[in-house]
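A short worksheet on the structure shown next.
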Number of protein chains: 2
Amino acid sequence: MIGTTSSWDLYERGCPSRDLLDRIGDKWSILVLGELGEHGRSRFTELRNRLSGVSEKMLTQTLRALESDGLVLRTVHARVPVRVDYELTALGQTLRAPLRALTEWSLQHTDEVLAARAAYAARVEQGA
Amino acid sequence: MIGTTSSWDLYERGCPSRDLLDRIGDKWSILVLGELGEHGRSRFTELRNRLSGVSEKMLTQTLRALESDGLVLRTVHARVPVRVDYELTALGQTLRAPLRALTEWSLQHTDEVLAARAAYAARVEQGA
DNA sequence: CAGAATCCAATAAGATACTG
DNA sequence: CAGTATCTTATTGGATTCTG
């Protein structure tokens with residue numbers, strides 16, 4: 001594997017890395033990965049309760065996609081009632097640092113962005 | 001500013017940081033910011049040509065949103081024909097590192113993800 | 001408990017044609 | 001050149017109801 005670099009170009013349409021980026025940059029994916037990263041193995045209901053505002057449909061969809069991408073491991077315990085656990089795979093763990101960098105940035109710069117938006121809106125109001 | 005931490009919680013609905021995260025995680029936003037980070041100041045047409053597949057509508061929308069958020073500076077040169085430059089603001093520059101971490105991850109792990117998807121599809125085919 | 005299925009409203013995205 | 005305006009399609013997302 002030494003010396004191999006991926007030959008993909010994010011700036012080309014149809015690039016699979018571009019699609020992947022889009023999926024992990026997804027609203028709920030970021031939050032689900034973040035939660036599983038912080039809390040470790042969690043159940044469906046736990047996730048639903050922690051991710052304020054998520055619908056069951058979106059949570060299921062997101063979890064399935066992440067599972068399919070090999071980022072999340074889904075384990076079904078055959079009891080009654082059934083118990084399902086979700087946790088990050090090894091691959092999913094490698095995504096924690098980059099994602100945390102982004103979420104940290106977002107938290108730290110929200111003030112500035114809100115101020116910029118207000119200023120922009122005021123400018124538009126005046127200008128046009 | 002010492003000791004101040006933002007009081008927002010990404011896991012709460014309506015959190016402005018959550019919304020912001022969603023905007024910068026957007027498909028075209030990531031690519032526009034990446035391009036401006038790599039190439040520096042660019043014109044509208046240059047961006048359109050470099051971002052394969054983007055429509056003028058989406059490019060305009062994305063640039064306006066980034067400008068409004070204070071991440072991109074738009075400069076109009078009053079000539080005929082008009083010339084418009086886009087470049088990262090200081091705030092936009094601070095986003096380069098986190099975003100690059102994410103795009104790098106994406107490029108480096110696309111193979112694994114594609115393999116995982118294939119395996120998942122095969123499993124589903126068998127199982128159900 | 002952990003979803004699956006269905007329906008519907010809202011929004012986003014793309015193509016196309018036009019303009020200061 | 002750098003958009004804007006308009007139209008149409010696709011996709012998203014949420015609410016609701018039902019089930020092994």
Side-chain angles (χ1 to χ4, degrees), chain A residues 12-15 18-19 21-32 35-36 39 41-68 72-87 120 123-124 127-128, chain B residues 12-15 18-19 21-32 35-36 39 41-68 72-87 120 123-124 127-128:
Chain A
E12 280 305 315
R13 66 197 308 169
C15 168
R18 190 197 264 197
D19 297 341
L21 193 54
D22 215 32
R23 275 174 86 151
I24 61 182
D26 173 72
K27 178 181 181 177
W28 297 118
S29 295
I30 293 180
L31 296 180
V32 166
E35 264 296 320
L36 291 178
H39 280 80
R41 184 170 42 221
S42 306
R43 303 176 60 178
F44 185 85
T45 308
E46 291 174 336
L47 288 172
R48 190 191 55 202
N49 292 337
R50 292 205 203 104
L51 304 185
S52 164
V54 72
S55 68
E56 298 189 338
K57 179 184 168 186
M58 290 314 298
L59 184 54
T60 302
Q61 265 185 28
T62 303
L63 286 167
R64 288 288 183 284
L66 294 175
E67 188 196 1
S68 160
V72 162
L73 178 65
R74 176 174 183 268
T75 311
V76 180
H77 302 276
R79 307 170 185 171
V80 180
V82 70
R83 176 194 175 103
V84 181
D85 289 329
Y86 294 93
E87 62 193 305
Y120 183 83
R123 243 179 294 140
V124 170
Chain B
E12 281 304 316
R13 66 197 308 171
C15 168
R18 191 197 261 196
D19 297 339
L21 193 54
D22 215 33
R23 273 174 89 152
I24 61 182
D26 172 71
K27 178 182 182 177
W28 296 119
S29 295
I30 294 179
L31 296 180
V32 166
E35 264 297 321
L36 291 179
H39 280 81
R41 185 170 42 220
S42 305
R43 304 176 58 178
F44 185 86
T45 308
E46 290 174 336
L47 288 171
R48 190 191 56 202
N49 292 336
R50 292 206 203 104
L51 304 185
S52 165
V54 72
S55 68
E56 298 188 338
K57 177 184 166 185
M58 289 313 298
L59 183 54
T60 301
Q61 265 184 29
T62 303
L63 285 168
R64 287 288 183 283
L66 294 175
E67 189 195 0
S68 160
V72 162
L73 177 66
R74 176 175 183 266
T75 311
V76 180
H77 301 276
R79 307 169 187 173
V80 181
V82 69
R83 176 195 175 102
V84 181
D85 288 328
Y86 294 93
E87 62 194 305
Y120 183 84
R123 243 180 293 140
V124 170

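So that the names make sense, note that chain A is the first sequence line, chain B the second, and so on, each numbered from 1.
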- Query: Can you find a heavy atom in the side chain of A/T62 that is under 4.5 Å from one in the side chain of A/K27?
  - Reply: no
- Is A/L47 close to A/L63 at the side-chain level, that is, under 4.5 Å between some pair of heavy atoms?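 They are in contact (side-chain heavy atoms under 4.5 Å apart), so the answer is yes.
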Between [atom2] on [N] and [atom1] on [X], what's the gap in Å once rounded to a whole number?
X	N	atom1	atom2	answer
A/D26	C/dA12	CG	P	14 Å
A/E67	C/dA2	CD	C1'	14 Å
B/L59	C/dA13	CG	C1'	14 Å
A/Q61	C/dA5	CD	P	12 Å

- Note on the structure: Ordered by number, residues from residues 42-51 of chain B within less than 4.0 Å of DNA chain C (heavy atoms) are none
- Looking at residues at least two apart in the chain, or sitting in another chain, which of them share a salt bridge (charged side-chain N to carboxylate O under 4.0 Å, His left out) with A/R43?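 Per chain and number, A/R43 pairs via salt bridge (charged side-chain N to carboxylate O under 4.0 Å, His left out) with no residue.
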- What does A/R79 touch in the nucleic acid at a heavy-atom separation under 4.0 angstrom: a base, only the sugar-phosphate, or nothing? nothing
- Query: Do you know the tightest heavy-atom contact between A/L36 and A/Y86?
  - Reply: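 Closest approach of A/L36 to A/Y86: CD2-O, 3.6 Å.
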- Item | Other residues, nucleotides, ligands: >12 heavy atoms within 6.0 Å of A/R41 CZ |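 Atom CZ in A/R41 is not packed in, count stays at 12 or less.
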- Task: Would you list the pairs meeting salt bridge (charged side-chain N to carboxylate O under 4.0 Å, His left out) in which at least one residue belongs to residues 55-66 of chain B, sequence neighbours left out?
- Result: B/R48-B/E56
Ignoring hydrogens and angles, write down the donor-acceptor pairs under 3.5 Å from the side chains of residues 75-82 of chain A, residues two or more places apart or on other chains.
residue, atom, partner, partner atom, Å
A/H77, NE2, A/D85, OD2, 2.8

- Task: Would you please confirm or rule out a distance under 4.0 Å between OP1 or OP2 of C/dC1 and any side-chain N or O of A/Y86?
- Result: no
- B/R64 side-chain N/O to D/dG3 phosphate OP1/OP2 under 4.0 Å: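 Yes, such a contact exists.
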- Task: With sequence neighbours left out, write down each residue that passes side-chain hydrogen bond (donor to acceptor under 3.5 Å, both in side chains) with A/S29, or none if nothing qualifies.
- Result: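 A/S29: side-chain hydrogen bond (donor to acceptor under 3.5 Å, both in side chains) contacts with A/D26.
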Measure all distances between protein nitrogen or oxygen atoms and nitrogen or oxygen atoms of nucleotides 14-20 of chain C, and list the pairs falling under 3.5 Å.
residue, atom, partner, partner atom, Å
C/dG14, N7, B/K57, NZ, 3.4
C/dG14, O6, B/K57, NZ, 2.6

